[in-house]
Amino acid sequence: MHLHKEVEENKIREVFSQFEGKIIQKPPVRSHVKRVERERTVYKLEILEIKGREVLFKADVQSGTYIRKLISDIGEKLGVGAHMQELRRTRVANITEDKNLVTLEEIEDAIYFYLEKHNGKFLNYLLMNPEDIITFLPRVWIKDSAVNSICLGAKLAFGGIAKTNKFEKDSWVMITSLKDEFVALGKALVSFDEMMQLRKGFVIKTDRVFMLPNTYPRYK
Amino acid sequence: MEVIEISPEPTDERYGKRPEERTIEEKAKFAIINLDKPPGITSRESAAIAKKALSALGIKKIGYSGTLE
């Protein structure tokens, strides 16, 4: 954040703390969403460094929070105005800067090592399996006999479930094979508790299929 | 997250493959890359550069998620 005039450090810290919690934002003119005021939660603002008019800070925010807007609003509240100088995302869900982060040059090098030197170590490191990334959704592990029907878009019935995490009605769930392979994403038609009472019927509506049909045999 | 057994059964090793056993070619069919995008170029341009490089492996489609503002 670049302040348009110098402000006392205490004042900056005080105003920053006022912007933690629920805030109201109107998406900027150049945005891809409807420009109506919306509420977002700022989980945490942490000032890392203040040097003259420059403020370096870390923001943990709800998705859809405009940082550029947050900065200009903080600047306005400080009475001097401010704008965003640089922005870097350090985390989204469980993907962080230390999780197999690579540059474009490193991708090119990894491909070279693999194709020319037959060394797949680097490429293997940078290509992450979706199963290791989508860890924030509840999983439902299905029997081998249920896999192919899900690949063809069928709903998942109670009888096809081997084990499961708990889930809420209408929530996204990851449908997984017993080998922990990502099969599909679906939406829960009932909650876990309702499912355990009924013990029959459809549980998950398949939405997006990732596994190719016929990876597993057809159910006989 | 807690795992609740509903109807445990073994899996047939003849079908499918555990994620950690995938070859690079198999992984490349659907993988996620955590890219350290340099400032100054757009996400779209970065994805295009990555696609050009990865096309040597037969990768045809690439996308990105999450715009940062």
Side-chain angles (χ1 to χ4, degrees), chain A residues 28 31-32 63 66-69 86-89 92 95-97 99-104 106-108 110-111 114-115 120 123-124 126-133 138-139 141 143-145 147 158-159 161-166 177-182 192 195-196 210-212 215-217, chain B:
Chain A
S31 77
H32 302 290
S63 89
Y66 289 93
I67 303 297
R68 192 182 295 278
K69 186 80 182 149
E86 209 183 307
L87 178 63
R88 180 170 174 92
R89 191 196 292 276
V92 58
I95 308 172
T96 55
E97 283 181 296
K99 193 160 188 172
N100 303 19
L101 186 72
V102 290
T103 62
L104 287 167
E106 284 168 334
I107 296 178
E108 287 165 358
I111 292 163
Y114 180 58
L115 296 178
L123 202 50
N124 201 35
L126 68 88
L127 296 174
M128 296 189 283
N129 282 320
E131 292 88 350
D132 295 331
I133 299 302
R139 291 188 187 195
W141 286 265
K143 299 173 182 175
D144 286 3
S145 54
V147 175
F158 180 77
I161 300 175
K163 55 183 182 174
T164 184
N165 291 140
K166 287 185 178 174
S177 75
L178 285 169
K179 292 185 191 73
D180 291 325
E181 302 152 282
F182 182 19
F192 170 80
M195 173 185 85
M196 292 310 274
F210 290 83
M211 186 184 274
L212 291 173
T215 307
Y216 280 73
Chain B
M1 275 185 268
E2 186 193 352
V3 179
I4 300 105
E5 302 275 355
I6 305 283
S7 171
E9 65 166 49
T11 177
D12 191 332
E13 296 301 331
R14 288 177 294 170
Y15 308 108
K17 202 174 205 180
R18 289 182 173 73
E20 62 273 19
E21 291 168 5
R22 281 176 200 149
T23 64
I24 284 173
E25 284 71 20
E26 286 167 338
K27 246 181 146 179
K29 283 182 186 157
F30 189 82
I32 292 153
I33 296 174
N34 191 8
L35 179 70
D36 190 351
K37 182 187 84 58
I41 64 168
T42 64
S43 303
R44 211 156 169 245
E45 286 159 355
S46 305
I49 295 168
K51 185 181 173 179
K52 205 178 160 203
L54 291 160
S55 63
L57 295 173
I59 291 173
K60 292 190 187 74
K61 270 190 187 176
I62 192 162
Y64 63 90
S65 151
T67 46
L68 187 59
E69 247 301 333

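Letters A, B, ... are given to chains in the order of the sequence lines, protein chains preceding strands, and every chain is numbered from 1.
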Chain A contact via B/Pro10 - side chain, backbone, both or neither, heavy atoms under 4.5 Å: backbone

Minimum side-chain heavy-atom gap B/Lys29-A/Leu212 below 4.5 Å: no

Start with the C-alpha gap between A/Thr103 and B/Asp36, add the side-chain angles, then the distance that decides, and say whether side chain to side chain donor-acceptor pair (under 3.5 Å) holds. CA-CA 5 Å; A/Thr103 62; B/Asp36 190 351; over 6 Å; no

Answer with side chain, backbone, both or neither: which region of A/Ser63 has an atom nearer than 4.5 Å to a non-hydrogen atom of chain B? neither

In terms of heavy-atom pairs under 4.5 Å, which option from A/Ser145, A/Ala162, A/Gly159 contacts chain B the most? A/Ala162

Counting only non-hydrogen atoms closer than 4.5 Å, does A/Asn165 touch chain B with its backbone (N, CA, C, O), its side chain (CB onward), both, or neither? both

Contacting region of B/Glu21 [heavy-atom separation from chain A under 4.5 Å]: neither

At a heavy-atom separation under 4.5 Å, does A/Met211 approach chain B through its side chain, its backbone, both, or neither? neither

Test side-chain contact (heavy atoms from CB on, under 4.5 Å) applied to A/Ile95 - qualifying residues, sequence neighbours left out: A/Val92, A/Ile133, B/Asn34

Per-residue tally against chain A (heavy atom, under 4.5 Å) across B/Glu25, B/Glu20, B/Lys37 peaks at B/Glu25

Tell me whether B/Lys27 contacts the main-chain N or O of A/Asn124 through its side chain, where contact means a donor paired with an acceptor under 3.5 Å. yes

Atom CD1 of B/Ile32 and atom CG of A/Asn129: how far apart are they, to the nearest 0.5 Å? 8.5 Å

Quick one: side-chain contact (heavy atoms from CB on, under 4.5 Å) partners of A/Glu86, sequence neighbours excluded? none

In terms of heavy-atom proximity below 4.5 Å to chain B, should A/Leu127 be classed as side chain, backbone, both, or neither? both

Would you give the length of the straight line joining atom NZ of B/Lys17 to atom NZ of A/Lys179, rounded to the nearest 0.5 angstrom? 11.5 Å

Does any heavy atom of chain A fall under 4.5 Å from the side chain of B/Pro19, the backbone, both, or neither of them? both

Quick check on A/Leu115 against chain B: is it the side chain, the backbone, both or neither that has a heavy atom closer than 4.5 Å? side chain

Got B/Arg22 and A/Glu181 here, is their nearest side-chain heavy-atom distance under 4.5 Å? yes

Would you say the side chain of B/Val3 lies within less than 4.5 Å of the side chain of A/Thr164, judging by non-hydrogen atoms? no

Top residue by heavy-atom pair count (under 4.5 Å) with chain B, among A/Leu178, A/Leu126, A/Leu104, A/Val147? A/Leu104

What residues of residues 45-52 of chain B make heavy-atom contacts with chain A at a cutoff under 4.5 angstrom? B/Ser46, B/Ile49, B/Ala50

Quick one: does A/Lys166's side chain get under 4.5 Å of B/Glu2's, heavy atoms only? yes

Measuring from atom CD1 of B/Ile4 to atom CZ of A/Phe192, what distance do you get when rounded to the nearest 0.5 angstrom? 4.0 Å

Who are the side-chain contact (heavy atoms from CB on, under 4.5 Å) partners of B/Tyr15, not counting sequence neighbours? A/Tyr216, A/Pro217, B/Asp12

Where does B/Ile41 contact chain A at under 4.5 Å (heavy atoms): side chain, backbone, both or neither? side chain

